[in-house]
Amino acid sequence: MSNQALSPDEYENLLTDDRKVIIARLRKTILDHLPPGFEETISYGMIGYVVPKSIYPAGYHCKTDEPLPFLSIASQKNFIAMYHMGMYANEKLLQWFQDEYPKHAKSKLDMGKSCVRFKKMDDIPFSLIAELAQKITVEDWIKCYESMLKKS
């Protein structure tokens, strides 16, 4: 779904009522558990949680004028999506999430490289997302990100 919002609140307000409730709960879950330093913003047309340029002036290597992305949530046509770059970059974190998911949700995990697709709105594992959100600090993410850049 294309969303031209300029702020997370505007993004949420442009959604249908059923999606608004889910995105609001995801935002609260993430914001309540994300370590200090990350900033909520609009990033790539989604609600994003980034390392701000005030902390990491180098920004994202693909677009150095933008902050370093970390986690995003979006309302797509057929699902709610969560993109978590930490799971993409850290095999142990990915494995942890894959192992824990069945303990928190009835539906099968639908996942791409960093994208988790939630097609059943009533089966989103908010407690697992809360745990995931707090697993990587800003400092840890910067180290991991820079380590990936050196390898490429």
From CA spacing to verdict: side chain to side chain contact (heavy atoms under 4.5 Å, CB included), Met148, Lys151
CA-CA 5 Å; Met148 288 186 329; Lys151 291 177 186 175; 5.7 Å; no
How about Phe70 and Leu34: do any of their side-chain heavy atoms sit closer than 4.5 Å?
yes
Spell out, as yes or no, whether a donor-acceptor pair under 3.5 Å connects the side chain of Lys53 to the backbone of Thr64.
yes
Under 3.5 Å, is there a donor-acceptor pair between the Tyr11 and Gln4 side chains?
no
In this structure, would Met121 and Leu128 fall into the same cluster of hydrophobic residues linked by side-chain contacts under 4.5 Å?
yes
Please confirm whether the backbone N or O of Leu6 pairs with a side-chain atom of Glu10, one donor and one acceptor, at under 3.5 Å?
yes
Following the transitive rule for hydrophobic clusters with a side-chain heavy-atom cut-off under 4.5 Å over Ile, Leu, Val, Met, Phe, Trp and Tyr, establish whether Ile42 and Tyr44 coincide in one cluster.
yes
Between Ile73 and Met46, does the side chain to side chain contact (heavy atoms under 4.5 Å, CB included) criterion hold? Intermediate values first, please.
CA-CA 6 Å; Ile73 56 174; Met46 301 176 278; over 6 Å; no
Tell me if the aromatic rings of Phe97 and His84 count as close, with their centers under 6.0 Å from one another.
no
Less than 4.5 Å apart, any side-chain heavy atom of Glu131 and any of His33?
no
Phe79 CZ: over 12 foreign heavy atoms closer than 6.0 Å:
yes
With heavy-atom distances below 4.5 Å as the criterion, would you say the side chains of Phe38 and Val51 are in contact?
yes
Does the side chain of Asn78 reach to within under 4.5 Å of the side chain of Lys119, using non-hydrogen atoms?
no
Taking it one step at a time, do Ile30 and Ile47 satisfy side chain to side chain contact (heavy atoms under 4.5 Å, CB included)?
CA-CA 11 Å; Ile30 292 166; Ile47 297 175; over 6 Å; no
Nearest atoms (heavy-atom pairs only) where Met111 meets Arg117:
C-NH2, 3.5 Å
Distance check, rounded to the nearest 0.5 Å: Gln134 atom CD versus Asp32 atom CG?
10.5 Å
Could you tell me which non-hydrogen atom of Ile136 sits nearest to which non-hydrogen atom of Pro35, and how far apart they are?
O-CG, 3.3 Å
Using the rule given for side chain to side chain contact (heavy atoms under 4.5 Å, CB included), can you reason through Tyr83 versus Val116, listing the C-alpha separation, both sets of side-chain angles and the distance that settles it, and then say yes or no?
CA-CA 6 Å; Tyr83 303 85; Val116 180; over 6 Å; no
Where Pro52 and Pro67 come nearest, the two heavy atoms and their spacing
CA-CB, 4.1 Å
Does a side-chain heavy-atom distance below 4.5 Å link Trp96 with Asp99?
no
Between Trp141 and Val50, is there a donor-acceptor pair closer than 3.5 Å when you use the side chain of the first and the backbone of the second?
no
Please walk me through it: do Tyr56 and Glu139 pass side-chain hydrogen bond (donor to acceptor under 3.5 Å, both in side chains)?
CA-CA 10 Å; Tyr56 191 69; Glu139 295 78 18; over 6 Å; no
Interatomic distance, Ile124 atom CD1 to Ile22 atom CD1 [nearest 0.5 angstrom]
4.5 Å
Is there a side-chain contact between Arg19 and Ile80 (heavy atoms, below 4.5 Å)?
yes
Modelled atom types, side-chain donor and acceptor of Glu66 and Tyr60, under 3.5 Å
no
If you look at every heavy atom in Gly59 and Tyr145, which pair is closest and at what distance?
O-OH, 4.0 Å
Nearest heavy-atom pair of Phe126 and Thr29: which atoms, and what distance?
O-CG2, 3.4 Å
Atom pair CD (Glu12) and OG (Ser7), whose distance is rounded to the nearest 0.5 Å
9.5 Å
Whether the side chain of Arg25 engages the backbone of Lys20 through a donor-acceptor N/O pair (distance < 3.5 Å, no angle test) should be reported.
no
Can you measure from CD1 (Ile23) to OG (Ser75) and round to the nearest 0.5 angstrom?
5.5 Å
Within a strict 4.5 Å, meaning less than it, do heavy atoms of the Leu132 and Leu93 side chains meet?
yes
Over 60° means perpendicular and under 30° means parallel, so classify the ring planes of Phe118 and Tyr101, tilted if in between.
parallel
So OG of Ser127 and NZ of Lys103: to nearest 0.5 Å the spacing works out to 11.5 Å
Nearest heavy-atom neighbours spanning Pro69 and Met85
O-CG, 4.2 Å
With no hydrogens and no angle check, is any side-chain donor or acceptor of Asp123 less than 3.5 Å from a backbone partner on Ala105?
no
If I take atom CG from residue Leu109 and atom CD from residue Gln98, how far apart are they, to the nearest 0.5 angstrom?
6.5 Å
Is any NZ, NE, NH1 or NH2 atom of the basic residue among Asp9 and Arg27 found under 4.0 Å from an Asp or Glu carboxylate oxygen of the other?
yes
